[in-house]
Amino acid sequence: MISPQNAQHEKLNSRFSLPDEHGRFGPYGGSFVPETLSYPLKELSSAYEEAKNDPKFKEELNDLLNDFAGRPTKLYHAKKISQKIGGAQIFLKREDLLHTGAHKINNALGQALLAKRMGKKRIIAETGAGQHGIATAAVCAKFGFECKIYMGAEDMRRQSLNVFKMRLSGAEVHGVEAGSKTLKEAINEAMRDWVTHVRSTHYILGSALGAHPYPGMVRDFHRVIGEETKRQFLEKYERLPDEMVACVGGGSNAIGFFFDFLEEDSVRLTGVEAGGRSLQEGQHAARFEGGQLGILQGCKTWILQNNEGQINPTHSVSAGLDYAAIGPEHSYYRDQGRISFGYASDNDALEAFKLLTCEEGILPALETSHGLAYAFKRASECSSDHMICVNLSGRGDKDAMEAARIMGVEGLPEMSFG
Ligand SMILES: *Cc1c(COP(=O)(O)O)cnc(C)c1O
């Protein structure tokens, strides 16, 4: 007899068991890398396949997520702001309460545990604004791994406090001077390092991006967000939300939040990209607005590039959404009509950042504020029995100074930890 739980699994396996063995999500994903990288990627794939079917790995990771990172995170009914907006009920999945301030620690812990299992003693990672770098540096301090973080020189200048925090955790932070001196160049440099130190080193990639097995593996490490959300809704409200909203940079917090709801056809899923200053080329990072199919850093997906295949410059007020490619699984579920996408501008995000803080006393990250801006607008079009759950991917302490600067606050201290 098939128990309901098994039936559920069958259903999941048939419709949602991507990627396939080549790492493809339909026409997206894959592994477009030079020969030298195909060996470490294969080694990683098989190590991950083994680990994910090992109950001991799951148990150890679960303990770390609970005791080190602070899971499960709360599901919070934001009643005051729901009332103020005067439409749907807004719920927040509080990933901002995790250790190091964002969802990134879920993936950093999972990959660090995998690295330990593979006998690697050295970790490398890329970081844009520094959130993934800080999570990785913290986890490496805890595990006793040697740690090197690649960061664009321009990002290092903008985020000098984060650089200091990483160094304090024992990480070496390497400034990348190439190109636009930001995230894309940092990833290139990390891949170069990996090729030359394959035997000792694991590369902890920070989003559901890159070559196989990263997109599926990073998603799996974040699936706990959606699993908890589902359980919490059923326990407390005996129903699922009507809609779920998450901001999308590479797409890791969003796909982790959405994944266990993909088969729940009644739940509308929306990803929100960075609309920047405008939708003109170079002024935003909304891949589904101005992008096309292409390949970037090992992965086929929607990309902001010109007709010669050169990557376009991007802009967002939030560094974590400021990247030219979107995770391949998002491209796939957009084609399937299962996940919809919208965007919020820099200004919309700043308004949502202020509104949540003054109405609920919760300071969200600027990345997260894009999802909030979309959800607030949508809530105003809905009735009061409609439930919208937003993934509060991170806290905004890191963004307070930048927000103050944009809002024209005077007399801010100059900070440099260079
Ligand atoms: C890094 C980051 C993001 C964007 O990354 P995803 O992989 O798209 O989740 C979003 N929110 C916060 C708080 C972040 O730190």
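Order of listing sets the numbers, starting from 1, for every ligand and every atom in it. Here the structure is a predicted model, which is why all the values come from computation and not from measurement.
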Handout entry: Under 3.5 Å: donor-acceptor pair, side chain of E243, backbone of L269
Key =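 No, the answer is negative, given that no donor and acceptor are paired below the 3.5 Å cut-off.
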
Exercise for the section: Have a look at ligand 1 and work out which part of K104, if any, has a heavy atom under 4.0 Å from it: side chain, backbone, both or neither. Expected result: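 The side chain, only.
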
Problem - Salt bridge flag under 4.0 Å for residues E227 and K230 - result: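 Salt bridge between E227 and K230, a charged N being under 4.0 Å from a carboxylate O: no.
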
Problem - Carboxylate-amine/guanidinium contact D260 R223, below 4.0 Å - result: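 Result for this pair is yes, salt bridge flagged.
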
Polar contact flag for [X] and ligand 1 (N/O pairs, less than 3.5 Å):
X: H103; answer: yes
X: G250; answer: yes
X: G394; answer: no
X: E367; answer: no

Practice task
Starting from atom 11 (N) of ligand 1, find the nearest protein heavy-atom neighbour and note its residue, name and distance.
Solution key: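 Looking only at protein heavy atoms, the one closest to atom 11 (N) of ligand 1 is S393 OG, 2.8 Å.
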
Practice task
Take E228 and R231 through the test salt bridge (charged side-chain N to carboxylate O under 4.0 Å, His left out) and record every step on the way to the result.
Solution key: CA-CA 5 Å; E228 282 176 13; R231 199 173 66 230; 5.1 Å; no

Practice task
Take every heavy atom of C247, measure it against each atom of ligand 1, and state whether any distance is under 4.0 Å.
Solution key: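 Yes, C247 has a heavy atom closer than 4.0 Å to ligand 1.
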
Exercise for the section: For E95 and ligand 1, answer yes if some heavy atom of the residue is under 4.0 Å from a ligand atom, otherwise no. Expected result: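 No heavy atom of E95 comes that close to ligand 1.
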
